Amino acid sequence: MFDNSIIMRLNQQFYNQPTVKVAKALLGKFLVHKVNGKILVGKIIETEAYVGPKDLASHASRGKTKRTEIMFGEAGYWYVYLIYGMYYCLNIVTEHKNYPAAVLIRKVEPVSGLKEKIKTDGPGKLCRAFIIDKNLNGMSSFEKKSKLWIEDRGEIIKPDKIKKAPRVGVDYAGEYKNKLWRFKLSDEEIELIKR
DNA sequence: CAAGAGATCATCT
DNA sequence: GATGATCTCTTGA
């Protein structure tokens, strides 16, 4: 069988761009996870950018550690970590090597492969729904062998459909807490997706 | 409705 | 020993 998903899969070059640009460009793209013989698909509708060593909201602002070293690496690798003892968060590393940055996938709209009632409208919830855990930390998203990736199905999102907001849960981040580095599709646009 | 607290543990100090 | 890029449930108006 010919596998279309390989053609549409975003390549490493896509992620090796300014993080804010990548965060916006990911809206309207499709998160795909091949797991347990199933293919789970969701359309990305909200992201957050974590940019560079000075961003106090970013784990990388406290220097390179065993946990954050993946953020200092090359673009296009998954950064998955456990938060509050019970939830995983999914990020994709951006920009060049030795510059720590990543995009957090905050919300997706279920497309296929997911059970009816399961929610995907939050970082922890979507990881639960997509069966994402620490095993995926450090894996690449752009290689043919990877089971978790993001693909472009040719849809164009107009810039005026993207809303900006401060990031969630980062009150401790000083001046960085007010940065408008959270991006989401407008409510009207999300309604259209649900049809 | 909104606000508050509890769950629960890897990571860092 | 403290804390967090979250979520769910309970409480109370």
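Just so we're clear, the structure is a prediction, and the values are computed from it rather than from any experiment. Reminder, nothing fancy here: chain letters follow the sequence lines and each chain counts from 1.
- Rounded to a whole Å, the CZ atom of Arg182(A) is 13 Å from the C1' atom of dT6(C).
- Remark: P of dT6(C) and CD of Glu46(A) are 11 Å apart, rounded to the nearest angstrom.
- Between the P atom of dC9(B) and the CZ atom of Arg67(A) lies a distance of 16 Å, rounded to the nearest Å.
- Put simply, OG1 on Thr47(A) and NZ on Lys184(A) are 11.0 Å apart, with the number rounded to the nearest 0.5 Å.
- A salt bridge is defined here as a Lys NZ or Arg NE, NH1 or NH2 lying under 4.0 Å from an Asp or Glu carboxylate O, and Lys161(A) with Glu188(A) fails to meet this definition.
- Taking 4.5 Å as the limit, every side-chain heavy atom of Asn91(A) sits out of range of all side-chain heavy atoms of Ile105(A).
- Put simply, Lys134(A) has a side-chain N or O that comes within less than 4.0 Å of OP1 or OP2 on dT11(B).
- Looking only at side-chain heavy atoms (C-beta outward), Leu114(A) and Phe130(A) come within less than 4.5 Å of each other.
- Checking Gly169(A) against Lys119(A), the closest nucleotide of DNA chain C that is more toward the 5' end is the one next to Gly169(A).
- Contact annotation for Arg167(A): no contact, since no heavy-atom pair falls under 4.0 Å across all strands.
- Heavy atoms of Arg128(A) sit under 4.0 angstrom from primed sugar atoms or phosphate atoms, though from no base atom.
- Atoms CD (Glu69(A)) and P (dT11(B)) sit 11 Å apart, rounded to a whole Å.
- Checked against Asp55(A) for a salt bridge (charged side-chain N to carboxylate O under 4.0 Å, His left out), the options Arg167(A), Lys177(A), Lys179(A) give a single hit: Arg167(A).
- As a whole-Å value, the separation of Lys66(A) NZ from dT13(B) C1' is 18 Å.
- Salt-bridge annotation for Glu46(A) and Arg182(A): present, with a side-chain N of the basic residue lying under 4.0 Å from a carboxylate O of the acidic one.
- Across all strands shown, the partner of dT6(C) is dA7(B), judged by Watson-Crick or G-U wobble contacts whose two distances both fall under 3.5 Å.
- Within residues 78-95 of chain A, the residues approaching DNA chain B are Leu82(A), Tyr84(A), Gly85(A), Met86(A), by heavy-atom distance under 4.0 Å.
- Here the P atom of nucleotide dC7(C) and the CG atom of Leu126(A) are 8 Å apart, to the nearest Å.
- Distance Met71(A) CE to dT11(B) P: 15 Å, rounded to the nearest Å.
- Using a 4.0 Å heavy-atom distance criterion, Arg62(A) is classed as making no nucleic acid contact.
- The aromatic rings of His59(A) and Tyr81(A) sit perpendicular to each other, their planes meeting at more than 60°, with 30° as the lower class boundary.
- Whole-Å rounding puts the Lys125(A) NZ to dC9(C) C1' distance at 13 Å.
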